[in-house]
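First up is the structure itself, then whatever we jot down about it.
Residue indices begin at 1 and follow the sequence shown.
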Amino acid sequence: MNGEMWHGSAVLFDLDGTLVDSMEAIERHTRMWAARHGLDGDLVLLESHGRRDSELIAAYVDDAHFDEEMKWLRDISCRDTKGVRALPGAVDLIANIPPGAWGIVTSGERRVARSRLAAAGIPEPLVMVTAEDVQNGKPDPEGFLLGARLLGVAPEQCLAFEDSVAGIQAAKSSGMTVLVITSDQNHMRENGIVYENFTSFELAGSRHRKFPILTLSQRVGSPSI
């Protein structure tokens, strides 16, 4: 979207790594969980990105211990939000979107998502699709399609912000326009233009219409990475 504009009716955000910088907490908790089971923390962390906790845990734990391990990870994720913060520009961008025209599609559980939103000072949206709401996690488009349906708009009228390969694939498969928010420049080779945060954008639209015409444009002089 370099030098261009997007016009549509709704915006859907991934949460961790996109709207909220929670990687410090996620890495800490994932490594702690891996250590509980004598696993390679680097490998488990790599495999966790963009996946639901349930999918990650199921890959390493038998059914008899699954619920116990989910509870352990859920509880520490809700209690320990040290280092969780909104990405630069995120709060201001959301403040300019009508409440019924934006939502979140996350691989995380609802309790964890709420705790991280609170820690980052971001209001909970009217529409928030979490791990409990879908049968198939990213890269399946189910979550983004549900988000659009709950907002009452066609997927083609939605803009999605994502940071993971699985999330980008999911949003694209749903028919949405996708912008990548990440400091990982390796994404550039496969996913086009990448932005570090939300300070590059300005959004205009009516806050008094159920289906506003939103216009997102890149600020003059704001480079991508």
Side-chain angles (χ1 to χ4, degrees), residues 6 8-23 25-26 48-55 74 77-78 81 84-155 157-182 195 197-198 201 203 205 207 211-212 214 216:
W6 170 85
S9 296
V11 182
L12 286 168
F13 299 88
D14 173 51
L15 181 60
D16 296 300
T18 302
L19 196 58
V20 169
D21 180 0
S22 54
M23 291 311 298
I26 290 174
S48 71
H49 197 43
R51 299 176 71 186
R52 293 179 292 179
D53 289 341
S54 59
E55 295 169 332
R74 181 188 306 119
S77 296
C78 290
T81 56
V84 175
R85 59 183 66 85
L87 259 69
V91 174
D92 290 340
L93 181 63
I94 287 172
N96 287 312
I97 307 176
W102 73 281
I104 289 172
V105 178
T106 176
S107 298
E109 293 189 335
R110 189 167 297 270
R111 276 184 57 200
V112 177
R114 283 174 169 164
S115 70
R116 288 177 181 160
L117 285 171
I122 294 175
E124 183 177 337
L126 298 176
V127 169
M128 186 161 67
V129 178
T130 63
E132 301 94 325
D133 300 317
V134 297
Q135 292 293 321
N136 303 295
K138 302 171 184 177
D140 192 283
E142 181 182 351
F144 281 104
L145 292 172
L146 177 58
R149 185 161 68 250
L150 292 174
L151 288 170
V153 299
Q157 285 296 305
C158 292
L159 174 67
F161 284 100
E162 264 287 358
D163 74 310
S164 71
V165 173
I168 293 165
Q169 291 175 352
K172 285 184 175 180
S173 295
S174 73
M176 297 181 186
T177 299
V178 184
L179 289 182
V180 182
I181 299 290
T182 180
Y195 300 90
N197 53 53
F198 296 96
F201 306 108
L203 187 143
R207 295 182 60 85
F211 301 113
L214 303 175
L216 187 77

Nearest-0.5 Å distance, OG of residue S173 to CD1 of residue I168: 11.5 Å

Side-chain donor or acceptor of E132 paired with backbone N/O of R110 under 3.5 Å: yes

Close side-chain approach of S164 and D14, heavy atoms under 4.5 Å: no

Which atoms form the tightest heavy-atom contact between T106 and A113, and what is the distance? CG2-CB, 4.4 Å

From F161 atom CZ to N197 atom CG, the distance as rounded to the nearest 0.5 Å: 11.0 Å

Test: E109 and R52 ion pair at under 4.0 Å: no

Taking every non-hydrogen atom, the tightest pair across V84 and A25: CG2-CB, 4.0 Å

E142 side-chain N/O to Q135 backbone N/O, donor-acceptor pair under 3.5 Å: yes

Indicate yes or no: at least one non-hydrogen side-chain atom of L15 is less than 4.5 angstrom from one of M128. no

Residue pair V20 / R85, side-chain heavy-atom distance below 4.5 Å: no

Sub-3.5 Å donor-acceptor pair from the side chain of D21 to the main-chain atoms of G17, do we have one? no

Could you check whether any side-chain heavy atom of F13 comes within less than 4.5 Å of a side-chain heavy atom of L93, counting everything from C-beta outward? yes

Go through the steps for L12 and L151 under the test side chain to side chain contact (heavy atoms under 4.5 Å, CB included), then give the verdict. CA-CA 10 Å; L12 286 168; L151 288 170; 3.8 Å; yes

Short side-chain to backbone donor-acceptor contact, S9 and Q157, under 3.5 Å: no

Below 4.5 Å, heavy atoms only, C-beta onward: do I104 and V127 meet side chain to side chain? no

Validation row: V129, V134 side chains within 4.5 angstrom (heavy atoms): yes

Can you measure from CG (D133) to CG (L150) and round to the nearest 0.5 angstrom? 8.0 Å

Measuring only between side-chain heavy atoms, which start at C-beta, is V180 closer than 4.5 Å to Y195? no

Distance in Å, L145 CG paired with S174 OG, rounded so as to fall on 0.5 Å steps: 5.0 Å

Distance col, row S77:OG vs R116:CZ, nearest 0.5 angstrom, shows 5.0 Å

Between CZ on residue F198 and CG on residue L19, distance to nearest 0.5 Å: 5.5 Å

Taking it one step at a time, do E162 and F144 satisfy side chain to side chain contact (heavy atoms under 4.5 Å, CB included)? CA-CA 11 Å; E162 264 287 358; F144 281 104; 3.5 Å; yes

Using a 3.5 Å distance criterion without hydrogens, assess whether the side chain of K138 forms a donor-acceptor pair with backbone atoms of V165. no

For L126 and P99 the tightest heavy-atom approach is CD1-O, 3.7 Å

Checking D53 against R74 for the side chain to side chain contact (heavy atoms under 4.5 Å, CB included) test, could you report, in this order, the C-alpha distance in whole Å, the side-chain angles of both residues, the deciding distance, and whether it holds? CA-CA 9 Å; D53 289 341; R74 181 188 306 119; over 6 Å; no

How about P125 and I94: do any of their side-chain heavy atoms sit closer than 4.5 Å? no

Considering all heavy atoms of both residues, which atom of S115 and which atom of T81 are nearest to each other, and what is their separation? O-CG2, 4.0 Å

